[in-house]
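Notes for the one structure printed next.
The residues of the chain are indexed from 1 along the displayed sequence. Quick caveat: nothing in here was measured; it's all calculated off a predicted structure.
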Amino acid sequence: MSSSDPFFSDGGLRRGRLGTAHLVFFTVAASAPLTVLGGGVTTMYAVSGNVGAALGYVLLAAVLAVFTTGYAAMSRYVANAGAFYAYIANGLGRAGGVAGSAVALAAYNAIQIGLYGLLGAILSDYMSGKLGLDLAWWLWALLAWAFIGILGVLRVDLNATVLAVLLVLECLVVLVFDLVAFAHPAGGSITTDGISPGHLFGAGFGAVLAFTIASFTGFESGAIYSEEVKDPRRTVARATYVAVAFTGLFYAVSAWALTVLTGPENAPQASAEAGPGVIFGALEQYSGAVLADIANVLFITSVLAALLSFHNGVARYLFALGREQVLPRFLSVTSKRSGAPVAGSLVQSALAVAVFLAFAATGRDPVIDLFTWLSGAAAVGVVLLMTLTSAAVVGFFRGRTGPETAWQRTIAPAIGTALLAAVLLVLLLNFDALLAPDTAGYLKWLLPAIPVAAGVLGLLWGTVLRARRPDVYRGIGQVHEEGLHEPGLHPSPEPDRTPASHR
């Protein structure tokens, strides 16, 4: 790319535009709180029948908090828009990093594209019911796609502002629902059965874990923007801790509130019969039709915010891989005006529209097929990615000196790896809980195999790069933030630990 080009640049992302609050917004917005409550929580109760499911959010948040301990310690040394890709490359080897990047691209593209199906469906229903405008779901998805595509090439802090406004509004609606539920408990008294460990670890626990995992899919968002924050040594870690604590507690309280409103024993049946209507019906009954209408609109914008967050994440992954020539170099092109990863954004947009229009052309249901299939595959990919990253922290700190304690560098990441591997196993064994009952049997193993297969292909490509393009291979996962390191800290990446005879 010529330096005289008035529109495009290969000078990298813009530094210093984001702070802790911005990263929290990106991370929480990716999981879409109102969508989690209206869609995820109600479906979880309906499918699992587990009345203690709310505590599952606290359990998984605790697992992620252990993982974050080592991840946060490593974030002092690694700033790369490829996020977990760079962590894995520096801890498990460069070929492993390429494998991790392939898993990430498969998972984040899957959830982002699947969300177009969900958004198109709820927009179609809403506009048909409110305005009598009866259009196919994919036309609404196309409008959203154009909006996301435009924002994707604009300034990242503008994106963060849009997400912040949408996130605050939807969180206020969820808070109103919580207050309504606790103010009008079934039977006249608030019960704690919905947060009882005895109920959680009963029948349906595997299904609960599968659904709660899906609610934390945007966990990596903070690290993806590490090159664009004001203080990468502290901001990423701080934002990740805040996001995990907030989402875990917020979702747990809201899921518990639903059981208080309906009565714990009635929550599964009410959720199965009404779905999101449990939430919006209660808001209309106790807070008025106007608030219920606002909540419905914010339900739509909640999905839109998640779409934007995942789009930005994928674009930055592609940018990082293009810059390091793991993928074609043109993907590293950024906008001179906004600093946004233009090429990565356009490629993600092209892939998304091709996939969701293909689902539309073949008559597939936008929610049962497009959204459910791809979000399930994404959940497996994200947990696999976090498991590899946690293991990478142990590898990264082996033989290093620095201010980190043994708990930060070895014990916590080792425990986190074991816990995340257990979560991944439970998710795989209960994957069919994420699918409709009449889903073809082969999809129950084919869908979770997608991110795994992507990882294998990535590992093979990394091996090819090591053999045929050693100069590219040596640059995989490098740090891209000047001044990241304090005196006495060792910058990454470390020299490749692969035996010389195998390099």
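To the nearest 0.5 Å, the span separating CG on Asp125 from CD1 on Ile300 amounts to 9.5 Å. Here CG of Leu351 is found 9.5 Å from CG of Leu105. Values are rounded to the nearest 0.5 Å. Taking CG of Leu357 as the reference point, atom CH2 of Trp138 lies at 7.0 Å (rounded to 0.5 Å). Taking CG of Leu123 as the start and CG of Leu139 as the end, the distance is 11.5 Å to the nearest 0.5 Å. Taking CD from Gln112 and CD1 from Ile148, the interatomic distance works out to 7.0 Å, rounded to the nearest 0.5 Å. From Leu304, atom CG reaches atom CG of Leu115 across 10.0 Å, with rounding to the nearest 0.5 Å.
Pairs passing the salt bridge (Lys or Arg N to Asp or Glu O under 4.0 Å) check and including a residue from residues 37-60, sequence neighbours excluded, do not occur. Listed by first then second residue, pairs satisfying side-chain hydrogen bond (donor to acceptor under 3.5 Å, both in side chains) with a partner in residues 362-391 read Ser390-Thr417, not counting sequence neighbours. Residue pairs meeting the salt bridge (Lys or Arg N to Asp or Glu O under 4.0 Å) criterion with at least one member in residues 378-388: none, sequence neighbours excluded. Legend: side-chain hydrogen bond (donor to acceptor under 3.5 Å, both in side chains) pairs involving residues 38-58, not counting sequence neighbours: none detected. For residues 409-424, the pairs satisfying salt bridge (Lys or Arg N to Asp or Glu O under 4.0 Å) are Glu404-Arg409, with sequence neighbours left out.
Judged as a side chain to side chain contact (heavy atoms under 4.5 Å, CB included), and not counting sequence neighbours, the contacts of Leu169 are Val165, Leu298. Every residue two or more places apart in sequence or in another chain that forms a side-chain hydrogen bond (donor to acceptor under 3.5 Å, both in side chains) with Asp293 is listed here: Lys130.
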TODO: For the pair Phe147 and Leu307, evaluate side-chain contact (heavy atoms from CB on, under 4.5 Å) and give the outcome as yes or no after the intermediate values.
DONE: CA-CA 10 Å; Phe147 177 70; Leu307 271 167; over 6 Å; no
- [ ] Take Tyr77 and Phe396 through the test ring-ring contact (aromatic ring centres under 6.0 Å, His included) and record every step on the way to the result.
- [x] CA-CA 10 Å; Tyr77 301 83; Phe396 178 79; 5.5 Å; yes
Task: Derivation of the side-chain contact (heavy atoms from CB on, under 4.5 Å) call for Gln408 and Val393 - done: CA-CA 9 Å; Gln408 292 174 304; Val393 175; over 6 Å; no
TODO: Assess whether side-chain contact (heavy atoms from CB on, under 4.5 Å) is satisfied between Leu37 and Phe250, documenting all intermediate values.
DONE: CA-CA 10 Å; Leu37 178 60; Phe250 195 49; over 6 Å; no
Exercise answer: donor-acceptor pairs, residues 197-214 side-chain atoms, under 3.5 Å, sequence neighbours excluded:
{"unit_1": "His199", "atom_1": "ND1", "unit_2": "Asp193", "atom_2": "O", "d": "3.2"}
{"unit_1": "Thr212", "atom_1": "OG1", "unit_2": "Val208", "atom_2": "O", "d": "3.1"}
{"unit_1": "Thr212", "atom_1": "OG1", "unit_2": "Leu209", "atom_2": "O", "d": "3.0"}

Under 3.5 Å, sequence neighbours excluded: what are the donor-acceptor pairs made by side chains of residues 257-264?
{"unit_1": "Thr259", "atom_1": "OG1", "unit_2": "Trp256", "atom_2": "O", "d": "2.6"}
{"unit_1": "Thr262", "atom_1": "OG1", "unit_2": "Leu258", "atom_2": "O", "d": "3.1"}

For residues 178-189, which side-chain donor-acceptor pairs fall under 3.5 Å, sequence neighbours excluded?
{"unit_1": "Asp178", "atom_1": "OD1", "unit_2": "Ser254", "atom_2": "OG", "d": "3.2"}
{"unit_1": "Asp178", "atom_1": "OD2", "unit_2": "Ser254", "atom_2": "OG", "d": "3.0"}
{"unit_1": "His184", "atom_1": "ND1", "unit_2": "Val180", "atom_2": "O", "d": "3.0"}

Let me check something: any side-chain donor-acceptor pairs from residues 434-442 under 3.5 Å, sequence neighbours excluded? List them with distances.
{"unit_1": "Thr439", "atom_1": "OG1", "unit_2": "Ala436", "atom_2": "N", "d": "3.3"}
{"unit_1": "Thr439", "atom_1": "OG1", "unit_2": "Ala436", "atom_2": "O", "d": "2.8"}

Name each donor-acceptor pair under 3.5 Å that joins a side chain in residues 270-283 to protein atoms two or more places apart or in another chain, with its distance.
{"unit_1": "Ser271", "atom_1": "OG", "unit_2": "Ala267", "atom_2": "O", "d": "2.9"}
{"unit_1": "Glu273", "atom_1": "OE2", "unit_2": "Gln269", "atom_2": "NE2", "d": "3.0"}

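Note: Phe371 and Phe356 fail the aromatic proximity criterion, with ring centroids not under 6.0 Å apart. For Tyr71 and Tyr87, the distance between ring centers is under 6.0 angstrom.
The nearest pair of heavy atoms linking Tyr85 to Gly477 is OH-N, 3.4 Å.
Val380 places a side-chain heavy atom less than 4.5 Å from the side chain of Leu424. Using a 4.5 Å heavy-atom cutoff, the side chains of Val355 and Phe359 are in contact.
A donor and an acceptor atom, one from each side chain of Ser302 and Glu170, are located under 3.5 Å apart.
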